[in-house]
Amino acid sequence: MKILAVILLSLILTAELCAKEYLVDSPKAFKKVVKNVAAGDTVKLANGIWHDFEILFTGTGNKDKPITLTAETKGKVILSGQSNLRLAGEYLVVSGLVFKNGFTPSSEVIAFRRNKKHFAYHSRVTETVIEDYSNPDKREGDYWVALYGQHNRFDHNYLAGKRNKGVTLAVRLNSENSQQNHHLIEYNYFGPRPIFGSNGGETLRIGTSHHSLTDSFTVVENNYFDQCNGEVEIISVKSGKNQLRNNVFFESRGTLTLRHGNGNVIENNVFFGNGVDHTGGIRVINKDQIIRNNYLEGLTGYRFGSGLTVMNGVPNSPINRYHQVDNALITNNTLINVDHIQIAAGSDAERSAVPINSKVENNLIFNENNQQPFTLFDDISGVEFSNNVANTKVVTALESGISQQKLVLVRAENGLLYPSNSVLGVSKELSPITKEQTGPNWYPKRAGDTAFNSGKIIEVEATEDALFNAVKAAQDGDVLVLKTGRYNARKVININKTITIKSKHRQEARLTFERGTFFEIVDGGSLTLDGLDINGSNSPDYSGNTLIRTKKWGMTANYRLVIENTRIENLDINHSFHVFESGKGAFANQIRLENNQFHNISGDILRLDKEIEDLGIYNAEYVELVNNQFEGVKGALVKLYRGGSDESTFGPHLLMKGNQVQNLGLGKRNKSNASLFLHGVQVSNIEDNQLSNAAPIVVEHTVGEPKTSIINNQLNISPSIAELKSKGLHTATLSNKIVK
Ligand code: CA
């Protein structure tokens, strides 16, 4: 047994201050010590890396003398591999730990319980870090933190980079001992959560629909949500009597959603969207919700992701559907450059219960672009609008409750805009929490993705294995500049960092490759190819080669791929030679092809159709093809597939503009029989393209309200649009010139 020391036997003779401090350096020593800890004791884990350490911290402290588990030095104790923490008992405090380089083998990294019977009460986890601690199979769900029990506090923690399924922080109400919990969640830094690409990417959830009519009394305040982009719900409130206040939402896609439960108060929160796609605000459902003194600026979201959404309900709703909005009070909020405010949203045959007994008053609305933001989807007579002001003339039905006034805005010292000539909107006392005030002060908050072209510029000579060696030696963000010459790759080049490969003189670096794949993008990798001349002439004489692919299975990090100013030709040594193929589970934040020439290709250009289970999962968020030429391609340009009826995501998005396409998609192995096959894509803009001798554009609308616009193209055949979920006319906008 290795208890290093009972270091501090306080010499102060009063017995009650006789707290012990233990420093342990092995799981075995920890286990032995924990058995004997008493109120007031402290257990310190020795500095270093603790691999596969499942901590079970139990004990009974009291209000004045908690039992503490901490690090010898805060931040110097790393829990890695298959480590996790359970705490159970009373008045326990955990601080200073860092979870990284691994993932939990159980369903939580930190659980405020030992098991279904033994919970934590009056306990606290503070100054603890969980970063990139994601299960390598992103479809395996877990919670990073699960709050059970009552009167617990989670504060000054850092949670960033969750990439697998499951809520980052869940407040659980699934037993009586966890209801009316009065937990306090404060001063935490919720760092970037990448787009998950299906349901299960919430950052915070309080309750579940099953227990949603139960009160939780959880307070969430002074937290910073930084680019929490997992899915449509940043926060999902599914219980009653919670208070969410003074939180900042910075460039986070999605909304704070009052999904289930009544009597919640949302106040003094600040949303800064900065015009980022799909940034939203607050979505209101259920009874007795108060939305007061919130500041929302620069939010682009629409539909259920709008800056403010008040939903329609389902009459006599089952517990997991939509309860009618009743007695909502929406007051003293400021909405500046919020593109959309939607009332009675979701109105349809099922959701026919309009909001009732509700008030919208003293709010300030300003839109620089002079577009009024309101859409009304049903009878809104149950919502009384009074004493609101807007700089634009609003829809007629709201004119009596929202007066038009010229507003002059000035940014105050607190960073928020206030009108010099109105007192409506948020209070001047509002003081948004800063990023620096949240999380442990000893742990740096890292930036998001490494930008392309952010590192060194490295010149490369055309020698044997030059490219392979150069990529291997490069650092994140570097640019490899290839001198004029021939570069042949004998080996697959792994891309595990953000890297740009470009030619010194445009298209004078000629690249060939001898394996079935030239570049394989793996976790941490993002690739730009710029100005190259790539040829398939040295590729093996097999079917199914790919110029670029992701790892075939098990990628957890989102990636970016950009190809520009590049000639790619003669990928035709055998059939089905593709330009790019996504692996299963891989997810691109962006794929952009711009100003390239593609000639003689026996397969597809972009294959993004690996998620065939129809679970709402897909392979890429933004796919962009701009000003390219495609000629002699046997397969399709893009196969982009997002199946199922889940509505937790915003994408995929497709942009195809200014491309010239000739002789494409007509190979017998192109089973889609399409030049462009889009299934379940949410936003498609196809314009100013010319397609001749090409297979048709096929668009299948499935879920949500997809926005499809196919305009100003010159096509040899009309696009084929299908609404797979409903009968009747499709919703696409079409206006094209058909030239046979
Ligand atoms: Ca969700």
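Both ligands and their constituent atoms are indexed starting at 1 by order of listing. Please read these numbers as outputs of a predicted model, since none were measured by experiment.
Among heteroatoms of the N, O or S kind in Glu202, OE2 lies nearest the Ca ion (ligand 1). Among the heteroatoms counted here (N, O or S) of Glu233, OE1 is the one nearest to the Ca ion (ligand 1).
If you look at Tyr133 and Phe103, their ring centroids are not closer than 6.0 Å.
Our summary of the site lists the angle at the Ca ion (ligand 1) between OE1 of Glu231 and OD1 of Asn199 as 100°, to the nearest 10 degrees.
Between the side chains of His679 and Glu700, at least one donor-acceptor pair of N or O atoms lies under 3.5 Å.
Crowding of Lys610 atom NZ: a count of heavy atoms from other residues, nucleotides or ligands under 6.0 Å exceeding 12.
In terms of heavy atoms, Asn135 sits closest to Thr556 at O-CG2, 3.6 Å.
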